[in-house]
There are 2 protein chains.
Amino acid sequence: MDVATSVAAIRAVLRQRGLQATSARIAVLQILSEGHRHRSVDELRSDVLTRYPAIDPATIYRTLETLELHGLVVRMELGDKRTRWALLTHDHHHLICRNCESVVEFDDELFHRLAGELTRRYGVQVEMHHLVLRGLCATCALTDS
Amino acid sequence: MDVATSVAAIRAVLRQRGLQATSARIAVLQILSEGHRHRSVDELRSDVLTRYPAIDPATIYRTLETLELHGLVVRMELGDKRTRWALLTHDHHHLICRNCESVVEFDDELFHRLAGELTRRYGVQVEMHHLVLRGLCATCALTDS
DNA sequence: CTCCATGCAAACTATTTGCACACGT
DNA sequence: ACGTGTGCAAATAGTTTGCATGGAG
């Protein structure tokens, strides 16, 4: 699914997995498909409001749980207590800058290597899809602090 | 601070950082020093009960926040909503087995290399102290599932 | 003796659940 | 029509905060 996916495509994806194409599910997937930012339930709720009739928070929670179960979205804990959600696309990882709060995104390559090494050494099977690291982004790292 | 640290040593560490050596802080550090497991506030509260007079949850939260600020303990989010706490010792990382829920611990070496590579490639300064990964532990990886 | 830390109770926030009704197929 | 999804309201769980009292230095 790509940025700003059409409703028809979303319907197809849902049906494909045996899920009813309800308005809540379509709205949530549509919003999440616009820029692959990770959003909290509350952000989702207000984003939905700009274009669709309101969805009850309880429904959003249940919708996301279902979509996660069927491998369409992923959850991520950023440290505050709200869970963030995004479309499941390719594996990628994040660094949150402790100075300016910006989020840097990394592709999976280096982490993939790490996972392999961990398997070799410890026998574990690491499933890293959306890792969250903390530290300083390039800009703030230069200014030190 | 080592496993089962003496009260005198704990007092010293606290004073050293300009902190009052109160009974709550001593009790919390004492409990955390016994096996470097990561504990939830509730586990801490009941562990304290076996040896000390009860500490109010609110006090435990405030105590941990203070100790964290002074670099004595670290927090960790395991995915359920309770924050876990441990003494800050050496950097190490964890894998939680999604099958048997066990926690595997890794030393820092491989991750340290990864952090270096990220700095080289992206200019970021990664601060990874207690990373939490998910996957399968060696035992469950063999049995597949 | 002076503050900082603690206990208690109430407030808050994110999330979950029960139930009757509405919608998708 | 049938069964699943949704809205609403109430319940829950973890955590935070205000305020008066108690203990550490």
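In this text the structure is predicted, and so the values were computed from the model without any measurement. Chain letters run A, B, ... following the sequence lines, proteins first, then strands; residues in each count from 1.
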Going by an N to O cut-off under 4.0 Å, is there a salt bridge joining [X] and [Y]?
{"X": "A:Glu34", "Y": "A:Arg51", "answer": "yes"}
{"X": "B:Arg82", "Y": "B:Asp42", "answer": "no"}
{"X": "A:Arg121", "Y": "B:Glu109", "answer": "yes"}
{"X": "A:Glu105", "Y": "A:Arg37", "answer": "no"}
{"X": "B:Glu117", "Y": "B:Arg120", "answer": "yes"}

Where along residues 38-54 of chain A does a heavy atom fall under 4.0 Å from DNA chain C?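 Here the set is empty: none.
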Looking only at heavy atoms, what is the nearest atom pair of B:Arg45 and B:Pro57, with distance?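 Scanning both residues, the minimum pair turns out to be CD-CG, 3.7 Å.
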Yes or no on side chain to side chain contact (heavy atoms under 4.5 Å, CB included) for B:Arg84 and B:Arg75, after CA distance, side-chain angles and deciding distance? CA-CA 6 Å; B:Arg84 311 305 177 93; B:Arg75 77 172 68 206; over 6 Å; no
Please determine whether a side-chain nitrogen or oxygen atom of B:Thr63 lies at a distance below 4.0 Å from atom OP1 or OP2 of C:dT6.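 Answer is yes, contact under 4.0 Å.
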Under-4.0 Å side-chain N/O to phosphate OP1/OP2 contact, B:Thr59 with C:dG7: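 Answer is yes, contact under 4.0 Å.
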Value in whole Å for how far the [atom2] atom of [N] lies from [atom1] of [X]:
{"X": "A:Glu77", "N": "C:dT13", "atom1": "CD", "atom2": "P", "result": "19 Å"}
{"X": "B:Asp80", "N": "D:dT12", "atom1": "CG", "atom2": "C1'", "result": "15 Å"}
{"X": "A:Tyr61", "N": "D:dC8", "atom1": "OH", "atom2": "P", "result": "16 Å"}
{"X": "B:Leu64", "N": "D:dT15", "atom1": "CG", "atom2": "P", "result": "10 Å"}
{"X": "B:Arg82", "N": "C:dT15", "atom1": "CZ", "atom2": "P", "result": "16 Å"}
{"X": "B:Ile60", "N": "D:dT16", "atom1": "CD1", "atom2": "P", "result": "13 Å"}
{"X": "A:Leu29", "N": "D:dG5", "atom1": "CG", "atom2": "P", "result": "14 Å"}
{"X": "B:Asp56", "N": "D:dG14", "atom1": "CG", "atom2": "C1'", "result": "14 Å"}

Have a look at the helix from C:dC1-D:dG25 to C:dT25-D:dA1 and give the angle its two end axes make, five pairs each, rounded to 10 degrees.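 For the helix from C:dC1-D:dG25 to C:dT25-D:dA1, the axes at opposite ends meet at about 40°.
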Start at the 5' end of DNA chain D and walk down; is the nucleotide closest to B:Thr83 or to A:Thr66 reached first?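 On the 5' side of the pair lies A:Thr66.
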Taking the ring of B:Phe111 and the ring of B:His93, is the distance between their centroids below 6.0 Å?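 Yes; B:Phe111 has its ring centre under 6.0 Å from that of B:His93.
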Interatomic distance, B:Leu44 atom CG to B:His38 atom NE2 [nearest 0.5 angstrom]: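 Answer for the CG-NE2 pair, B:Leu44 versus B:His38, is 11.5 Å.
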4.5 Å side-chain heavy-atom contact, B:Val124 and A:Leu136: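 A side-chain contact is absent here, since even the closest heavy-atom pair is not under 4.5 Å.
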For nucleotides 18-25 of chain C, 5' to 3', base contacts (B), sugar-phosphate-only contacts (S) and non-contacts (-) with protein non-hydrogen atoms under 4.0 Å give B-----SS
Report the residue from A:Val28, A:Thr83, A:Leu64, A:Thr63 that forms a side-chain contact (heavy atoms from CB on, under 4.5 Å) with A:Val41.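 Single side-chain contact (heavy atoms from CB on, under 4.5 Å) partner of A:Val41 among A:Val28, A:Thr83, A:Leu64, A:Thr63: A:Leu64.
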